[in-house]
Structures are given as structure tokens and as C-alpha cells.
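As the structure is a computational prediction, the values presented were derived from the model and not from experiment.
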Amino acid sequence: MLQKLLTCIALALCPVGSSADSFPVEIEHKYGTTRIESEPKKIVSLSFIGHDFLLALGLKPYALRKWYGTDPYGVWAWGHEALGDAQPIVMQGEINIEQIAAMKPDLIMGQWSGMTERDYSLLSQIAPTVPPAAGYGDHGMSWQEMHRTVGLATGKSAEAEAQITRLQDRFQEIRDAHPEWQGASSVMVWAGQAGAYTNRDIRGKFLEDLGFVVPEAVNNRGALDISYVLIPAEDLSPIDVDTLVWIDGGSSASALNRMPLRPTMRAYKEGREVYSDPLLSAALSHSSPLSLDYALDKLVPLLEAAMDGDPATVVPSSRDAGILPEEF
């Protein structure tokens with residue numbers, strides 16, 4: 001009983017019933033509490049990344065909200081096998097209440113969706129609806145918290161927890177292998193407009209899970225629930241860090257070379273910039289149980305090159321993107 005209580009507190013989600021996979025369950029969130037009476041079969045995913053979490057648990061959404069990319073279903077390479085031959089309805093743009101009502105779902109997941117309270121009020125009349133948890137803003141929940149919530153809502157808590165444990169163990173192994181990263185400053189920055197991801201964003205959390213620290217000069221630029229802040233071109237000091245990761249959707253490398261104050265930053269001068277190509281950037285931006293392995297496989301070697309203590313070591317992705325200083 002005590003262990004069950006501690007588990008519920010840790011998850012901030014306490015199911016009704018004798019086990020984590022029994023129904024009904026109740027999920028607390030920023031707009032109140034959602035009760036799910038029985039195991040859902042027809043799930044609509046309004047989260048821009050939420051379909052990855054469902055697919056990781058073997059659940060193919062009836063409809064999903066496409067974020068970006070060329071895949072017709074908005075599912076990136078790491079999710080193709082899990083999607084299989086399923087052809088979910090694809091939604092794009094703003095949440096369309098009438099379209100969702102016509103689908104007659106029995107669960108609506110919207111943790112990373114920007115869902116407003118009005119949206120929630122209307123959607124919850126259609127089916128049990130799960131917005132973000134309280135206290136995190138629209139995009140501040142960690143991937144662990146999101147996955148636990150998906151697992152609870154769908155009767156897959158055990159599977160979700162096993163996947164979380166495996167990935168957390170992998171992060172721990174990487175931390176143990178790289179003591180020089182622990183406490184070093186790092187930040188991910190959108191190359192197109194020099195917008196930095198705080199430690200309240202899944203990209204900032206990714207770095208901190210590796211042992212890096214996102215600087216307070218970034219974290220303190222916005223409210224406590226802000227995950228992304230613009231950095232003025234005339235003052236790049238907030239992102240002057242030990243290693244800088246440039247996130248790119250595919251067309252911003254040349255813009256980096258035109259950034260006047262970029263050469264003043266330590267990471268530039270010492271060859272500790274890491275360029276993240278579009279596929280790696282998407283994996284980091286999804287930070288899902290499906291994309292994290294790909295992100296770790298690709299980013300860790302780049303961080304190793306950047307943080308080896310030798311300025312002459314070239315970071316391959318930065319070289320290939322053409323953003324290295326001339327002396328490199």
C-alpha cells in the first residue's frame with residue numbers, strides 16, 4: 001500500500017482501481033481532472049509529438065496532428081516500423097473541434113498541443129481529454145511525465161515504465177562515461193532566429209539529462225513556464241556556453257555564417273559548436289521514447305568531439321554544414 005501511494009505521488013497521477021493498468025483511471029491536469037472509464041480503442045492525438053508516445057506502446061492513433069516534415073502522416077523515420085501500414089487521419093494547423101467530434105473518439109490526448117481551456121471544455125464533451133499537467137505550461141512536461149501519462153490513460157503503465165527505465169539507464173551510462181560534461185554549460189538554439197530552449201523544454205531537459213547545465217541567463221529570460229526565448233542579435237552572451245548545439249530545420253546554416261557576433265562566442269572560437277541537421281533536430285524536438293535512441297546515437301559522438309579539450313578537433317556535423325571558422 002505504501003509503495004503504491006509513493007508511486008502515485010511520484011507520477012502525480014493516481015489511478016482508480018487495484019493496479020496501474022485497471023480502469024477507471026483519473027488524471028489530474030492544468031484544467032482539472034479527466035476520468036477514463038475503460039481502455040480506449042479509438043485515440044485522437046492532438047499533441048504535435050504525442051503520436052510517437054502512443055506508437056512506442058504499440059498503439060496506432062486513429063488520428064494525429066502533424067507538426068512538420070515530408071512524411072504524409074507526420075511520423076518520422078524512427079516511428080515508421082511502429083506505424084506499419086496504418087493510415088491515421090492527419091490534422092494540421094489549429095485544433096478543429098468539429099472535425100474531431102465527427103471522428104467519435106474515446107480518448108483525446110493533447111499534452112503538447114497548446115490546447116486552451118476553451119478547447120478542453122469543448123473537447124471533453126466529445127471524449128475524455130488529457131491536456132498538459134499543471135505547472136508546466138503548454139510544452140514544459142518532460143518526456144518521462146508525458147509517457148507515464150499516456151501509459152496510464154491507455155492501460156499501458158507497465159510498458160511505459162519499462163521504456164522510461166531503459167532510456168534513463170542509457171542516459172546514466174552516458175553521464176558516467178563523460179564526467180567532463182557534468183556541470184558544463186550548454187544550450188540548444190534554433191539557428192533560424194537565435195531562439196534558445198530553456199531547461200523547461202524537452203530539448204533543454206535532454207542536455208541536462210546528459211549532465212550539462214542550461215545557463216540561468218537563458219532560463220531566467222521568461223516566465224517559469226516559458227520553454228523558448230529569443231536571444232537578441234546584439235547580445236549573444238546568454239548563449240556563450242561551453243558547447244552550443246544549433247538546431248536547424250534545414251535552411252539556416254548560411255544564416256549562422258552571417259551572424260555578426262557569433263565569432264565572439266567561446267564555442268565558435270574553440271570549435272565547440274555542434275550543428276544538428278534536420279533529422280537529428282527533429283529527433284531532439286520530439287524527444288520521445290521512439291526518437292531518443294536515434295538522438296543519442298547521433299548527438300553523443302558530436303558532443304564528444306566538441307568537448308574533448310582539444311580546439312583542433314573538428315566537429316563533423318559543423319564541418320559538413322560549413323559553419324566552422326576558417327582556421328579549422
Are [X] and [Y] close enough that some pair of their side-chain heavy atoms sits under 4.5 Å apart?
| X | Y | answer |
| --- | --- | --- |
| P316 | L302 | yes |
| W76 | D71 | no |
| L54 | K60 | no |
| L299 | S276 | no |
| S288 | Y294 | no |
| I89 | Y62 | yes |
| M188 | L207 | yes |
| V189 | I247 | no |

Going through the checks in order, is the side-chain contact (heavy atoms from CB on, under 4.5 Å) test met by M109 and V44?
CA-CA 6 Å; M109 294 299 300; V44 169; over 6 Å; no
Under-4.0 Å salt bridge between [X] and [Y]:
| X | Y | result |
| --- | --- | --- |
| E37 | R35 | yes |
| D209 | R175 | no |
| R170 | D293 | yes |
| E273 | R262 | yes |

Would [X] and [Y] count as having a side-chain donor-acceptor pair, cut-off 3.5 Å?
| X | Y | value |
| --- | --- | --- |
| N219 | E216 | yes |
| D240 | S237 | no |
| S285 | R203 | yes |

Say whether, by atom type as modelled, one donor and one acceptor occur between the side chain of [X] and the main chain of [Y] under 3.5 angstrom.
| X | Y | value |
| --- | --- | --- |
| D52 | P289 | no |
| K298 | P301 | no |
| Q163 | A56 | yes |
| D169 | R166 | no |
| S186 | A184 | no |
| T129 | Y120 | no |
| D201 | Y228 | no |
| T165 | A162 | no |
| R65 | S113 | yes |
| S252 | D248 | no |

Evaluate the side-chain contact (heavy atoms from CB on, under 4.5 Å) criterion for residues Y275 and L244: first the C-alpha distance (whole Å), next the side-chain angles of each, then the deciding distance (0.1 Å), finally the verdict.
CA-CA 8 Å; Y275 176 80; L244 175 59; over 6 Å; no
What's the spacing between [X] [atom1] and [Y] [atom2] if we round to 0.5 Å?
| X | Y | atom1 | atom2 | value |
| --- | --- | --- | --- | --- |
| D106 | E39 | CG | CD | 9.5 Å |
| S291 | F206 | OG | CZ | 8.5 Å |
| E161 | Q144 | CD | CD | 9.5 Å |
| H80 | L55 | NE2 | CG | 10.0 Å |
| L296 | L303 | CG | CG | 9.5 Å |
| I323 | D320 | CD1 | CG | 10.5 Å |

Is [Y] reachable from [X] through a run of hydrophobic residues whose side-chain heavy atoms are each under 4.5 Å from the next?
| X | Y | value |
| --- | --- | --- |
| I95 | I49 | no |
| L261 | V187 | yes |
| L123 | I27 | no |
| V213 | I226 | no |
| L46 | L152 | no |

Worked check of side-chain contact (heavy atoms from CB on, under 4.5 Å) between E208 and V214
CA-CA 7 Å; E208 297 206 334; V214 178; 3.8 Å; yes
Specify the closest pair of heavy atoms between [X] and [Y], including all atoms of both residues, with the distance to one decimal.
| X | Y | value |
| --- | --- | --- |
| I100 | M91 | CG1-SD, 4.0 Å |
| R221 | P232 | NH2-CD, 3.4 Å |
| P105 | A127 | O-CB, 3.3 Å |
| Q99 | N96 | N-OD1, 2.9 Å |
| Y197 | V218 | O-CG1, 4.2 Å |
| L64 | Y73 | CD1-O, 3.0 Å |

Would Y68 and F48 count as a ring pair (Phe, Tyr, Trp, His ring centres under 6.0 Å) if you check the C-alpha gap in whole Å, the side-chain angles of each, and the deciding distance to 0.1 Å?
CA-CA 9 Å; Y68 72 103; F48 289 107; 9.7 Å; no
Classify the ring geometry between H29 and Y31 as parallel (under 30°), tilted (30 to 60°) or perpendicular (over 60°).
perpendicular
Do the ring planes of W67 and H286 sit parallel (below 30°), tilted (30 to 60°) or perpendicular (above 60°)?
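Because their plane-to-plane angle lies in the 30° to 60° range, the rings of W67 and H286 count as tilted.
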Would you say that more than 12 heavy atoms from the other residues, nucleotides or ligands in this model lie under 6.0 Å from the CZ of R118, or not?
no
How about NZ on K42, more than 12 heavy atoms from neighbouring residues, nucleotides or ligands closer than 6.0 Å, or not?
yes
W112 and ring-ring contact (aromatic ring centres under 6.0 Å, His included): which single residue from H51, H139, H147 fits?
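Exactly one option meets the ring-ring contact (aromatic ring centres under 6.0 Å, His included) with W112, and it is H139.
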Steps toward side-chain contact (heavy atoms from CB on, under 4.5 Å) verdict (D138, K30)
CA-CA 10 Å; D138 289 332; K30 66 187 295 184; 3.2 Å; yes
CA sep, side-chain torsions, deciding dist, call: F212, W181, ring pair (Phe, Tyr, Trp, His ring centres under 6.0 Å):
CA-CA 6 Å; F212 292 97; W181 294 1; 5.2 Å; yes
